[in-house]
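To find a chain, count down the sequence lines: A is the first, B the second, and so on, and within it residues start at 1. Every heavy atom of this structure was used, including side-chain atoms; hydrogens, water molecules and symmetry mates were not.
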Amino acid sequence: ATSQFIESFEKARLYFIEVFRSLFTEDDNCDLILTQPDNPLESSIEIIAKPKGKRPQTINQLSGGEKTLTAIALLFALYLLKPAPFCIFDEVDAPLDDANIFKFNKIIKKFSKDSQFIIVTHNKLTMAAVDTIYGVYMAEQGISGVSQVDFRDFETRDVGLQSLSS
Amino acid sequence: ATSQFIESFEKARLYFIEVFRSLFTEDDNCDLILTQPDNPLESSIEIIAKPKGKRPQTINQLSGGEKTLTAIALLFALYLLKPAPFCIFDEVDAPLDDANIFKFNKIIKKFSKDSQFIIVTHNKLTMAAVDTIYGVYMAEQGISGVSQVDFRDFETRDVGLQSLSS
Amino acid sequence: MRLIRLDIKGFKSFATETVIHFDEDVIGIVGPNGSGKSNIVDAIRWVLGEQKSKELRLDQMSNVIFNGTNKRKSGGLAQVSLTFENTKNFLPTEYNTITISRILYRSGESEYQLNGVNCRLKDITSLFLDTGIGSNSYAIIALGMVEDILNDKDNSRRKMFEQAA
Amino acid sequence: MRLIRLDIKGFKSFATETVIHFDEDVIGIVGPNGSGKSNIVDAIRWVLGEQKSKELRLDQMSNVIFNGTNKRKSGGLAQVSLTFENTKNFLPTEYNTITISRILYRSGESEYQLNGVNCRLKDITSLFLDTGIGSNSYAIIALGMVEDILNDKDNSRRKMFEQAA
Ligand SMILES: Nc1ncnc2c1ncn2[C@@H]1O[C@H](COP(=O)(O)OP(=O)(O)OP(=O)(O)O)[C@@H](O)[C@H]1O
Ligand SMILES: Nc1ncnc2c1ncn2[C@@H]1O[C@H](COP(=O)(O)OP(=O)(O)OP(=O)(O)O)[C@@H](O)[C@H]1O
Ligand SMILES: [Mg+2]
Ligand SMILES: [Mg+2]
């Protein structure tokens with residue numbers, strides 16, 4: 001059990017480094033380590049981030065958006081370890097800046113060849129990146145309704161997006 | 001001390017109801033109650049939200065954005081109790097939809113006659129609502145720099161906003 | 001495995017029958033604060049067998065039933081059905097299309113169904129065992145899971161890792 | 001009281017001297033993730049006398065000094081100055097313009113200054129007593145305070161209320 005754990009952990013660690021570098025840059029680095037390597041089945045897991053040029057820091061020393069992006073990289077590493085047929089993200093893009101939202105959506109596009117992704121969002125750039133949109137609204141007081149938005153006519157897309165989130 | 005506490009609490013409660021209604025709608029209601037009214041100096045404080053048409057709920061039963069908006073209403077109620085000369089918001093608008101971001105910025109505009117507001121944000125609508133913007137960037141690896149953005153030429157504003165947050 | 005559709009009726013704010021089709025690879029869900037987006041995520045967790053009311057943002061499981069407004073009385077039951085294609089024999093069953101349903105009545109009685117046939121919760125969860133899905137799998141990456149990774153409360157990173165390993 | 005300017009040098013990621021002017025009523029601060037926006041908020045808290053390193057997202061207070069990159073060695077000190085107009089005699093002092101400064105040296109020594117004159121931390125915090133400002137006042141409404149209200153950990157709502165009452 002221990003050797004299988006170590007093997008999976010090492011795999012997850014490599015995936016984590018790979019995804020982290022595609023969400024940050026090729027010059028950024030990170031690591032995933034067991035705090036008690038001699039007690040692998042009980043050990044907690046430490047996340048180290050080494051953004052380019054800066055000193056290594058634990059994940060807690062990063063900015064709000066950098067933390068979220070690092071956590072997303074770890075979630076995708078676990079996904080690569082055992083790909084789920086579908087993944088659901090509920091407003092994880094909220095603390096990200098525009099450039100990081102592009103990267104986030106790009107990596108979802110890449111993995112969407114193998115799995116479906118359901119993305120709840122308020123962000124216009126994310127809305128522009130998905131394949132289809134369901135608009136949720138309060139039909140009458142307290143009762144939710146859903147309506148699929150058709151973006152086949154691209155000219156109306158941005159106008160549609162403007163009115164969609166309010 | 002007890003009577004002064006009760007008096008301040010009652011004032012804060014009325015402010016809270018007033019601000020809540022301007023952030024939600026005039027038909028929405030809320031309340032602020034002492035969980036132990038007979039032990040005011042030790043009692044914890046409960047927040048009740050009654051969105052129009054729905055049953056009264058504790059704040060924890062609201063959606064992510066509704067919770068944030070309700071907490072903002074309480075912070076402004078405390079502000080009205082003892083107005084600080086300046087207030088700092090660090091990305092509190094992240095979970096809000098467009099309509100609520102308008103309301104949030106509108107209430108800041110109103111209180112900005114008496115106090116200064118420093119708003120850290122990634123949101124374009126909030127950026128469009130402030131009086132001036134400081135853009136923060138990484139000048140060289142790991143070193144921050146700041147540059148004031150001048151929007152006196154309104155035609156470039158949106159273009160400027162596009163490039164600012166990435 | 002590919003999702004086909006989600007049917008929600010009487011679940012939280014979805015008092016009336018609602019259908020969402022999953023024809024695409026990346027599906028966006030948008031709308032104003034409080035409109036019901038996270039309730040859709042809760043519905044998917046619930047039909048997959050989530051038993052912890054806290055994970056569904058509820059004080060108790062019965063709160064999952066539409067609790068009424070001043071214009072419409074509260075519902076008598078909550079029902080969610082999730083239909084998907086069993087592509088590449090992802091699930092250990094001969095069916096090509098699978099519909100799992102979960103119903104909770106105001107009385108407290110529960111029903112679970114697999115392709116219309118009553119079954120136990122156990123039959124549904126064992127179907128998903130070891131597939132990376134299941135109501136608390138990391139496949140449901142709500143904002144809360146990002147926070148769990150960051151604060152590592154109760155060794156949550158390790159637990160997530162063990163589920164994936 | 002009206003803010004005039006903030007001077008940051010050697011504080012966290014602000015290795016080089018940086019000035020922010022507060023000429024307007026509503027000032028926006030924008031920029032990419034990790035650029036330094038929250039560090040500016042930390043700088044204001046720090047110069048107002050924040051003593052809890054945890055509130056400044058630090059393991060220990062000495063981490064507030066620019067800790068170097070592979071192209072620039074770490075700083076020897078962190079210095080922040082906040083200048084404001086004492087309009088309507090908001091603060092109990094005869095000065096019209098006030099500058100408070102705080103310096104922390106790599107050696108661990110601290111300095112505090114009021115209009116260029118060395119003073120104790122106590123002199124700065126007592127100036128702001130009862131004004132609704134002070135490093136942990138509700139006037140600094142970081143995202144964290146919204147969370148404190150929502151989870152009410154350690155009766156945080158009550159504590160915030162007591163500060164304002
Ligand atoms: N049992 C129930 N009956 C009726 N309404 C309910 C029930 N449970 C929750 N709700 C309502 O559903 C609404 C919340 O929906 P939800 O959390 O899905 O919003 P959301 O679209 O995710 O919003 P946000 O963008 O703020 O996250 C709340 O206003 C709540 O009152
Ligand atoms: N003592 C220090 N020396 C050098 N850099 C530091 C120091 N302390 C923190 N930093 C760096 O400052 C950066 C974080 O800045 P900050 O938290 O202000 O970002 P931000 O602009 O608020 O980003 P976000 O939009 O993600 O919230 C981190 O990358 C961190 O490495
Ligand atoms: Mg939500
Ligand atoms: Mg920040």
Work out which heavy atom in [X] is nearest to a heavy atom in [Y]; give both atom names and the distance.
X      : Y      : result
D:L150 : B:K67  : CD2-O, 3.7 Å
D:V30  : B:M127 : CG1-CG, 3.7 Å
B:S144 : D:T16  : O-OG1, 4.3 Å

Per-residue contact mode, [X] against chain D (heavy atom under 4.5 angstrom):
X     : result
B:E7  : neither
B:I59 : side chain
B:I47 : both

Check this for me: [X], atom [atom1], are more than 12 non-hydrogen atoms of other residues, nucleotides or ligands nearer than 6.0 Å?
X      : atom1 : result
B:K103 : NZ    : yes
B:Q36  : CD    : yes
D:K159 : NZ    : yes
B:F102 : CZ    : no

Winner by heavy-atom pair count (cut-off under 4.5 Å) against chain D, out of [options]:
options                      : value
B:A139, B:P40, B:A77         : B:P40
B:I45, B:D114, B:I108, B:I72 : B:I45
B:S43, B:G145, B:S115, B:A12 : B:S43

Quiz item: Would B:V130 and D:E24 count as a side-chain contact (heavy atoms from CB on, under 4.5 Å) if you check the C-alpha gap in whole Å, the side-chain angles of each, and the deciding distance to 0.1 Å?
Solution: CA-CA 9 Å; B:V130 301; D:E24 309 274 353; over 6 Å; no
Self-check item: Donor-acceptor pair, side chain of D:K71 and main chain of B:G142, under 3.5 angstrom
Solution: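 Judged by distance alone, no pair lies under 3.5 Å.
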Quick one: what part of [X] sits under 4.5 Å from any heavy atom of chain B, side chain, backbone, both or neither?
X     : result
D:T69 : side chain
D:F66 : side chain
D:I8  : neither

Practice problem: Go through B:Q116 and D:M1 one step at a time and tell me if the side-chain contact (heavy atoms from CB on, under 4.5 Å) criterion holds. | Solution: CA-CA 9 Å; B:Q116 279 171 301; D:M1 177 185 135; over 6 Å; no
Among [options], which residue satisfies the side chain to side chain contact (heavy atoms under 4.5 Å, CB included) criterion with [X]?
X     : options                       : result
D:K37 : B:V146, B:T121, B:V120        : B:V120
B:F86 : D:D25, D:I44, D:I27           : D:I44
D:I29 : B:I133, B:D90, B:V136, B:I119 : B:V136

Quiz item: If you tally heavy-atom pairs under 4.5 Å against chain B, which of D:S156, D:G36, D:S13 wins?
Solution: D:S13
Quiz item: Rounded to the nearest 0.5 Å, how far does CD of B:Q148 lie from CG of D:D23?
Solution: 6.5 Å
Quiz prompt | Separation between CD of D:E162 and CG of B:L78, rounded to the nearest 0.5 Å | solution = 11.5 Å
